[in-house]
**Q** 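The structure's right below; bear with me while I get my questions together.
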There are 2 protein chains.
Amino acid sequence: MFQIDRFGRTPIYEQIIDQTQRLIASGILKEGDQLPSVRALSQELSVNPNTLQKAYSELERRGLCVSAPGNGRFVTADAFRLVGEGTKERLEELKKIAEELCAAGMPEDQVLHAVNVAYGKETDA
Amino acid sequence: MFQIDRFGRTPIYEQIIDQTQRLIASGILKEGDQLPSVRALSQELSVNPNTLQKAYSELERRGLCVSAPGNGRFVTADAFRLVGEGTKERLEELKKIAEELCAAGMPEDQVLHAVNVAYGKETDA
DNA sequence: GTAGTGTACTATCCGTTATAGTACACTTGA
DNA sequence: TCAAGTGTACTATAACGGATAGTACACTAC
């Protein structure tokens with residue numbers, strides 16, 4: 001369910017946050033679904049429970065999940081809408097890179113093509 | 001000439017590298033132009049000279065500038081072409097974000113629109 | 001010769017990340 | 001009731017990267 005890259009610069013707890021958000025955004029995790037427990041996931045990924053606790057706390061702070069002590073941790077009803085709002089920021093990042101590429105003299109065609117490939121509308125020629 | 005963000009997670013030396021590359025890519029820095037000296041820039045930005053030295057060494061390693069000890073540091077003839085190759089990687093980043101947005105269910109129109117805005121083809125509606 | 005340039009090196013401080021270990025409260029279900 | 005599994009809280013520590021401080025030396029231009 002989760003893939004951890006131990007060599008990149010992105011901290012593990014942040015990778016967990018990102019990936020959970022994507023699972024929600026893509027509908028794989030829905031309202032009411034239970035997230036893996038800190039202990040179980042800690043074994044599966046060979047990661048310290050505290051690290052996962054940190055990630056889950058942040059997800060909870062963002063309103064994507066709630067904890068039921070003694071029971072588990074579950075995706076909230078608002079989760080899907082909330083991560084949807086988050087994608088606006090990602091779009092801004094994309095725009096920023098596009099501006100840079102424009103400034104660097106890259107033709108717009110190539111950028112549009114890349115987007116089409118990402119959306120499966122064109123093949124990567 | 002340079003803008004440092006001391007609060008973000010991107011290290012200062014990396015910001016210097018990025019910004020120098022952009023200045024070259026956009027043609028503001030041309031072949032033969034002298035880069036600010038480590039000492040001068042260190043005062044202007046209130047940054048340790050060693051940090052700037054680190055950035056400049058990396059730029060040199062990438063072939064974007066050469067040092068003339070006792071004289072200064074200058075943009076190479078290949079610099080423009082080399083940063084042009086670097087933009088391919090940036091395009092890959094953009095594509096990756098586009099894939100995420102696709103997975104998150106954002107309509108492709110919005111992404112294409114963002115690119116058009118970045119290229120000045122459309123206004124930010 | 002002086003001023004300004006690049007270069008090299010050591011040492012230190014600090015924040016973030018991740019880990020280890022422990023303890024406690026809660027809920028579920030046999 | 002009690003055991004197992006859940007979340008939570010806390011302290012302590014190690015490791016790493018980034019940035020700084022300070023010093024010293026070699027080179028070039030004027």
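Since we're looking at a predicted model, the values are computed, not measured. The chains referred to below are lettered A, B, ... by the order of the sequence lines, with proteins before strands, and numbering in each begins at 1.
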**Q** Side-chain contact, heavy-atom cut-off 4.5 Å: A:V115 with B:L112?
**A**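 Side chain of A:V115 against side chain of B:L112, heavy atoms only: contact under 4.5 Å found.
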**Q** Sort and list the pairs that fulfil salt bridge (Lys or Arg N to Asp or Glu O under 4.0 Å) and have at least one residue in residues 13-39 of chain A, not counting sequence neighbours.
**A**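 For residues 13-39 of chain A, and leaving out neighbouring residues, the salt bridge (Lys or Arg N to Asp or Glu O under 4.0 Å) pairs sorted by first residue read A:E14-B:R9, A:R22-B:E100.
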**Q** Contact list please: residues 34-49 of chain A against DNA chain D, heavy atoms, distance less than 4.0 Å, in numerical order.
**A** A:S37, A:V38, A:R39
**Q** Over how many whole Å does the gap from A:D5 atom CG to C:dA18 atom P extend?
**A**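 Taking atom P of C:dA18 as the reference, CG of A:D5 is at 11 Å.
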**Q** Test of understanding: with salt bridge (charged side-chain N to carboxylate O under 4.0 Å, His left out), list the residues that count as partners of B:R6, not counting sequence neighbours.
**A**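 Residues passing salt bridge (charged side-chain N to carboxylate O under 4.0 Å, His left out) with B:R6: none at all.
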**Q** Any chance you could pull the hydrophobic cluster mates of A:F80, using side-chain heavy atoms under 4.5 angstrom and chaining through other members?
**A** none
**Q** Tell me, please, which residues at least two apart from A:E60 pass salt bridge (charged side-chain N to carboxylate O under 4.0 Å, His left out).
**A** A:R73
**Q** For nucleotides 15-17 of chain C, list the nitrogen or oxygen atoms of the protein found under 3.5 Å from its nitrogen or oxygen atoms, one pair per line.
**A**
| from | atom 1 | to | atom 2 | distance (Å) |
| --- | --- | --- | --- | --- |
| C:dT17 | OP1 | A:Y13 | OH | 3.3 |
| C:dT17 | OP2 | A:Y13 | OH | 3.3 |

**Q** Where does the chain A footprint on DNA chain D start and end, counting 5' to 3' with a 4.0 Å heavy-atom cut-off?
**A** D:dG5 to D:dG18
**Q** Transitive ILVMFWY cluster of B:I16 at side-chain heavy atoms under 4.5 Å: who else is in it?
**A**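 Same cluster as B:I16: B:M1, B:F2, B:I4, B:I12, B:Y13, B:I17, B:L23, B:I24, B:I28, B:L29, B:L35, B:V38, B:L41, B:L45, B:V47, B:L52, B:Y56, B:L59, B:L64, B:V75, B:L82, B:V83.
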**Q** Round to the nearest Å and state the distance from A:I16 atom CD1 to C:dT19 atom P.
**A** 11 Å
**Q** Looking at B:T10 and B:Q15, would you say the former's side chain and the latter's main chain have a donor-acceptor pair under 3.5 Å?
**A**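 No; judged by distance alone, with no hydrogens or angles, the pair does not exist.
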**Q** Between A:T87 (side chain) and A:R90 (backbone), is there a donor-acceptor pair under 3.5 Å?
**A** no
**Q** List the residues meeting salt bridge (charged side-chain N to carboxylate O under 4.0 Å, His left out) with B:E85, not counting sequence neighbours, and say none if there are none.
**A**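 Applying salt bridge (charged side-chain N to carboxylate O under 4.0 Å, His left out) to B:E85 gives B:R81.
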**Q** How many angstroms lie between atom CD of A:Q21 and atom CZ of A:R62, to the nearest 0.5 angstrom?
**A**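 The distance works out to 5.0 Å.
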**Q** Which other residues belong to the hydrophobic cluster containing B:F7, where Ile, Leu, Val, Met, Phe, Trp and Tyr are joined when side-chain heavy atoms lie under 4.5 Å apart, directly or via other members?
**A** none
**Q** For the NE2 atom of A:H113 and the CG atom of B:L91, what is their distance to the nearest 0.5 Å?
**A**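 Between atom NE2 of A:H113 and atom CG of B:L91 there are 9.0 Å.
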**Q** Check each residue of residues 61-70 of chain B for a non-hydrogen atom within less than 4.0 Å of any atom in DNA chain D, then write out the ones that pass by number, or none.
**A**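 Here the set is B:P69, B:G70.
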**Q** Of all residues at least two apart in sequence or in a different chain, which pass the side chain to side chain donor-acceptor pair (under 3.5 Å) check with A:K121?
**A**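 For A:K121, the residues satisfying side chain to side chain donor-acceptor pair (under 3.5 Å) (neighbours in sequence not counted) are B:E108.
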